[in-house]
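Here is the structure we will look at, set down as structure tokens.
Here the structure is a predicted model, which is why all the values come from computation and not from measurement.
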Amino acid sequence: MRTSQFPLNTVKETPSDAEIASHQLMIRAGLVRKLAAGLYNWLPLGVRVLQKAQAIVREEMNNAGALEVLMPVVQPSELWQESGRWEQYGPELARLKDRHGREFCLGPTHEEIITELARNEIKSYKQLPLNYYQIQTKFRDEIRPRFGIMRSREFIMKDAYSFHLSDESLQQTYDRMFQAYTNIFTRLGLNFRPVLADTGSIGGNASHEFHVLADSGEDAIAFSTESQYAANVEKAEALAPTEPRADASEVLSKESTPNQRSIEDISTFFNIPTSQCLKTLLVKGDDDSVIALLLRGDHTLNEIKVEKLDGVLTPLTMASDEDIQKVAGCNAGFIGPIGLDIPIIVDRSAAVMANFTCGANENDMHYRNVNWGRDLPESNSIIDIRQVVEGDASPDGKGTLTLARGIEVGHIFQLGTKYSQAMNVSVLDENGKNKVMTMGCYGIGITRVIAAAIEQNHDDKGIIWPTALAPFQVALLPMNMHKSERLKSATEKLYIELTEAGFDVLFDDRKVRPGFMFSDMELIGIPHRVVLGDRGLENGMVEYRARTDSDNQDIPLDNIITFLKAAINQQ
RNA sequence: CGGGGCGUAGCGCAGCCUGGUAGCGCAACUGCUUUGGGAGCAGUGGGUCGGGAGUUCGAAUCUCUCCGCCCCGACCA
């Protein structure tokens with residue numbers, strides 16, 4: 001391709017509303033342009049990258065035995081009513097009516113549709129297991145789209161859905177998908193980790209997320225220092241402390257603490273560590289009740305864990321000021337478990353605290369040196385409800401946890417029978433008996449993968465594409481070609497040779513200054529650069545430089561094709 | 001939805017407080033010079049100042065209202 005035929009829509013200035021590197025660079029390199037909040041146009045250069053990513057995903061999905069289908073973006077409400085998600089989903093589901101007043105939505109995902117397709121098309125157990133996938137646009141009316149392509153409202157996703165007669169068969173396909181995902185992200189040149197995940201609103205049993213590691217990631221991931229254990233912090237279990245509880249050595253006292261509301265306030269006021277303070281949170285229960293959650297002061301609540309508990313209202317809702325006044329008789333900031341007559345759930349770490357400080361259920365008052373058993377009854381609901389922190393013991397018993405940030409680019413689930421049951425998807429088994437199919441589902445955010453790749457691979461000059469994603473492999477740059485016939489014909493000749501040798505070449509035939517060409521090619525991240533100048537040609541030499549190098553290499557013109565083949569294969 | 005901010009040329013912004021000729025930089029286009037790291041000079045085009053209503057002799061500027069966008073908190077590929 002020639003730049004005269006393939007305009008590069010690069011911009012020198014960094015857009016003011018772009019926060020993270022990938023967003024800035026995708027705009028600057030001319031991959032995308034914003035149309036409206038969370039909606040983007042993809043320019044020719046961006047489309048080339050998208051196609052590279054899609055091709056790899058297709059290949060690996062096909063290799064893993066999945067079959068490509070294509071389902072509509074616009075979906076009839078009836079199916080969503082049937083699964084119950086028309087009511088559940090809320091405003092994130094974009095709804096619309098056709099001219100007849102019939103209700104539809106823009107698909108945020110395709111479980112309902114695939115289930116409908118499967119129950120019509122899969123008639124015998126002999127057709128199972130079956131794994132359908134598609135690469136399709138999704139729309140989710142996100143509360144707050146941000147970070148450009150990373151969290152847009154419309155995005156492209158590869159989603160696959162598998163159908164099985166047994167859990168063993170589901171596990172087999174799940175494992176196969178796990179491997180396919182590993183292959184895909186490896187081929188894409190990403191530094192990623194599969195981690196144990198929560199199953200979230202989609203529901204189901206086993207689940208892994210695939211995260212690209214990047215500081216700008218929106219998720220926190222916990223890794224074991226000693227083993228392969230890795231989990232989303234939402235999911236990572238905080239084990240019960242192994243140290244025994246200290247003795248109740250100090251005398252209980254009640255002290256005046258005017259205006260000392262937060263854990264930090266109290267910690268400073270009494271000059272004690274925050275880990276010696278007890279945090280009491282009140283949340284709403286199922287039936288208009290209020291439930292108390294107790295945590296060590298330096299720990300934070302894990303909402304996902306709490307939402308799974310019986311009796312707790314989902315989604316998790318903090319008690320109102322009126323509720324707090326009613327059950328505790330004080331304002332938030334002075335609540336404590338002593339004398340509190342509501343269900344109390346105690347975090348494992350909070351249960352081994354001794355001589356701790358907590359609110360006295362009286363404004364401007366706290367208790368000091370409180371002890372379980374002595375000053376309040378031992379709890380019989382001690383449960384893990386906190387977020388793990390760096391240094392916690394790894395849940396598999398090997399090593400401790402470290403935390404890192406990740407971008408979720410893939411997610412695989414064992415759905416079980418959640419949708420097949422609700423939507424009555426069954427086949428006849430060997431014995432002629434009706435059997436509800438069990439399902440798996442497997443997603444990859446294609447557009448997000450592009451953003452994540454940039455997030456992980458860039459420098460101050462621009463994008464550094466992994467070979468597999470690069471829109472072009474080789475940039476062919478003649479220096480002031482318009483001034484030299486010899487240079488022009490040599491470059492044209494090399495362009496043809498490279499193209500015939502199978503390289504994706506971007507030949508910069510614009511009449512622009514060298515510095516301009518260099519900057520453009522670095523910004524758009526072409527991995528390999530070949531520069532031709534009159535000086536070098538005198539000696540039959542061209543210059544080569546990888547995007548990651550800081551120096552040129554002189555290569556004989558006659559060898560350049562062999563050289564490039566080796567350079568590309570090496571990566 | 002709650003809190004904060006913004007909307008003026010394709011992009012980035014000034015002007016608004018204190019009402020009176022709509023500006024600067026970059027980009028685009030033309031010409032000349034320049035040509036190994038985002039060139040220089042000269043010139044040209046480009047605006048419903050987010051929309052509407054109001055106050056005023058007069059509104060980008062003051063008031064009201066609607067719309068859009070961005071940032072901070074609850075979702076997910």
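Proximity of the aromatic rings of A:Phe210 and A:Phe178 is defined here by a centroid distance below 6.0 angstrom, and this criterion is met. Between A:Phe6 and A:Phe472, the distance from one ring center to the other falls under 6.0 angstrom.
Annotated as anti: B:rU55, whose O4'-C1'-N torsion sits more than 90° from 0.
Side-chain proximity of A:Glu218 to B:rC75, B:rC11, B:rA77: nearest is B:rC75.
By the 4.0 Å N-to-carboxylate-O rule, A:Asp17 lies close enough to A:Lys34 to be salt-bridged with it.
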What is the per-nucleotide protein-contact pattern of nucleotides 33-38 of chain B, from the 5' end, where B denotes a base atom under 4.0 Å from a protein heavy atom, S denotes such proximity for sugar-phosphate atoms only, and - denotes neither? -BBBBB

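The side chain of A:Arg144 contributes no N or O atom lying less than 4.0 Å from OP1 or OP2 of B:rC75.
With RNA chain B read from its 5' end, the first of the two nearest nucleotides for A:Glu234 and A:Phe147 is the one closest to A:Phe147.
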Would you tabulate the pairs of protein nitrogen or oxygen atoms and nucleotide nitrogen or oxygen atoms of nucleotides 46-48 of chain B closer than 3.5 angstrom?
none

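In terms of polar N and O atoms assigned as donor or acceptor, the side chain of A:Arg151 comes within less than 3.5 Å of the base of B:rC76 in a complementary pairing.
Contacts of A:Asp219 with the nucleic acid, taken as non-hydrogen atoms under 4.0 Å apart, include base atoms. In this structure, A:Ser152 reaches the bases: a heavy-atom distance under 4.0 Å links it to at least one base atom across the strands shown. A:Glu142 comes within 4.0 angstrom of a nucleotide base, judged by non-hydrogen atoms across all strands.
Pairing for B:rG37 is absent, judged as Watson-Crick or G-U wobble with the two contacts each under 3.5 Å.
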